Amino acid sequence: MLTRIVGIATLLGLSGFFSGTETAFTSLSDAQVHYIREKWGRRGELVFRATSSPERLLTIVLIGNNIVNIGASVMASELTIRLFGSAALAATTGILTLLVLIFGEVAPKQLAIVHNEAWTVHTVRFIMLLELLLRPIVWAVSSIAAFITRLTGAASNVGVTREGILYLVKHAEYLGVLENSKSSMVKRVFRFGDVTVQAIMTHRTNVFSLEQDTSIKDALRDVSKQGYTRIPVYDRDPERIVGIAILRDILIQSTEGNGTKRLRDVMVEPIFVPETRKIEEMLTQFRKEGLNISVVLDEYGGVAGIVTLEDVIEEILGEIYDEHEVKQHDPITRLDDGSIRIMADAPIYIVNDLLDTDFPQSRSTKTLGGYLMSRVGHIPAQGDEIETAEGTFRVESLAKRRIISVRFRPLQQHNNGANR
Ligand code: ATP
């Protein structure tokens, strides 16, 4: 009887050994593996090899663990029947499960995670020996598992996906590991390839441009009032841009010229890009052309706005303010009454990011204002309410034919408010 008890205890010990080994090897970081490889010579090399093919390692450990667990339960059952009869089997099963859990799983795993380096270094030879002995079984088990995986059509997808990384970033932010500003930057970098110039351009109604026949003296006076360095130059109609005047050239002409020159004499060729141009390509183009402003054309060839290098860079770094730029309000302000003020020119993806909403964006509607207008089918009036699946918008301010800002009440809060 004593030998049986010792046998069961040994098998329990081995169960703990296999569980701990699994945890020790799988919890090693890349840095730890490299450190062990450098410090432990031959054994370090073996640890490196074992962690390079984790499937094989896990199969060996699992086979070992199952053999000893099943062995322990067979021996315990046999002993129980011999001593107390089969009626006591249920009690033995309960006790053995508890013992396996404590000594075969939890305790060794906790120990292994704390001392994973030492554990792997001291067990790796034994594991490699087992690998040699169990090779045919490992091969058979792996082949059957691979066959079943193929049958169920599960593709091995170990590649890192963009969604996976973005999820990690979100989670890291949630855990407080990553500051909000850094996580926003990472998200923006990943989105960089998708954003078009339309989403970031300065709308044509806000562009300061001058007629090509403007005298250098008048141009200098107007430009110094506005504070821009690059000014689109048009031929009679602001829709027909024919050049870009650079402040430096205007200045040089005003000091060195004889006063008869006009803007047309100092302007340079403009760059035109369609609204659909990706900002990633825009960045490359700016670097190539050496002119940091581009005129954005809509699909009919009309001027939609302008985009500068700063607009593109802001897409990654966030808002940059020049000395002369008025600090813009955040696109989203949470108000005391629980509603949210949103600037209508905020891109929809930013609104979705900040409010965790799911407003759709399409080729033609990239800003919140554009989305709301396409939803109602006309230009709304001040105070108009627009219902959506996510909540209600109320038009707060308008300018000419554009919405400037809206007040948003999310659905949940809206309902709470109504119930109160
Ligand atoms: P710089 O900083 O090189 O002196 P800048 O201050 O004139 O140039 P940027 O820094 O390139 O202009 O751009 C700042 C913001 O001003 C951007 O959002 C850009 O779209 C806008 N902007 C630039 N030029 C004009 C312009 N002529 N009219 C209206 N908006 C402009």
Side-chain angles (χ1 to χ4, degrees), residues 188 192 195-214 216 218-254 262-264 266-298 302-331 343-347 349-350 366-367 369 399-400 402 404:
R188 282 195 292 255
F192 200 59
V195 180
T196 59
V197 292
Q198 195 210 26
I200 62 160
M201 70 186 182
T202 296
H203 193 264
R204 70 185 150 79
T205 47
N206 295 326
V207 171
F208 167 69
S209 54
L210 288 170
E211 217 286 329
Q212 60 174 347
D213 280 329
T214 313
I216 293 293
D218 289 350
L220 192 58
R221 188 197 55 220
D222 292 350
V223 174
S224 52
K225 263 193 236 149
Q226 296 290 330
Y228 293 117
T229 305
R230 298 164 204 88
I231 295 92
V233 180
Y234 58 85
D235 173 13
R236 283 161 292 174
D237 177 358
E239 285 279 315
R240 199 181 309 139
I241 292 178
V242 290
I244 301 289
I246 316 270
L247 177 62
R248 188 193 55 227
D249 297 337
I250 301 177
L251 276 172
I252 292 174
Q253 193 52 241
S254 83
R262 309 203 160 261
L263 271 189
R264 63 161 79 225
V266 296
M267 68 191 189
V268 296
E269 280 278 305
I271 308 170
F272 294 102
V273 294
E275 285 176 312
T276 49
R277 170 79 31 103
K278 294 272 185 334
I279 59 173
E280 202 172 6
E281 296 158 12
M282 198 65 248
L283 185 61
T284 318
Q285 189 165 359
F286 278 142
R287 286 158 74 182
K288 208 168 73 199
E289 309 258 359
L291 182 62
N292 293 345
I293 188 170
S294 216
V295 180
V296 184
L297 300 179
D298 62 25
V303 174
I306 57 158
V307 64
T308 69
L309 179 64
E310 183 177 302
D311 293 319
V312 175
I313 291 173
E314 279 179 346
E315 241 341 87
I316 299 183
L317 298 181
E319 206 66 44
I320 300 168
Y321 294 104
D322 286 358
E323 298 79 354
H324 63 81
E325 278 183 72
V326 182
K327 217 170 177 167
Q328 279 180 6
H329 293 297
D330 280 341
M343 303 313 283
D345 61 358
Y349 69 86
I350 294 212
K366 293 248 172 3
T367 61
K400 289 194 188 147
R402 283 198 303 136
I404 299 291

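Bear in mind the structure is a predicted one, so any value in this text is a computation, not a measurement. Read the numbers this way: they start at 1 and go in the same order the structure lists the ligands and their atoms. Here, residue 1 is the first one in the sequence, and each next residue gets the next number.
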key: Audit row: Met282, Val273, side chain to side chain contact (heavy atoms under 4.5 Å, CB included) steps and yes/no   = CA-CA 9 Å; Met282 198 65 248; Val273 294; 3.9 Å; yes
note = Restricting to heavy atoms, the pick from Arg248, Arg230, Glu310, His203 nearest atom 8 (O) of ligand 1 would be Arg230
Quick check on contacts: which atoms of ligand 1 are under 4.0 angstrom from a heavy atom of [X]?
X	result
Asn206	29 (C)
Thr229	1 (P), 4 (O), 5 (P), 7 (O), 8 (O)
Thr202	18 (O), 19 (C), 20 (O), 21 (C), 30 (N)
Pro232	27 (N)

key: Contact check, Asn292 vs ligand 1, heavy-atom distance below 4.0 Å   =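 Asn292 does not count as a contact of ligand 1 under the 4.0 Å cut-off.
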Ser209 near ligand 1 by a heavy-atom separation under 4.0 Å = no
query = Is ligand 1 under 4.0 Å from a heavy atom in the side chain of Val307, in the backbone, in both, or in neither?
reply = neither
query = Between Asp311 and ligand 1, which part of the residue brings a heavy atom under 4.0 Å of the ligand: side chain, backbone, both or neither?
reply =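 The answer is the side chain.
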ask   = Passes side chain to side chain contact (heavy atoms under 4.5 Å, CB included), Leu210 versus Asp218? Steps please.
value = CA-CA 10 Å; Leu210 288 170; Asp218 289 350; over 6 Å; no
Identify the two heavy atoms, one from [X] and one from [Y], that lie closest to each other, and give their separation to 0.1 Å.
X	Y	result
Val312	Ile279	CG1-O, 3.9 Å
Ile231	Ser209	CG2-CA, 3.9 Å
Glu275	Thr196	O-CB, 3.4 Å

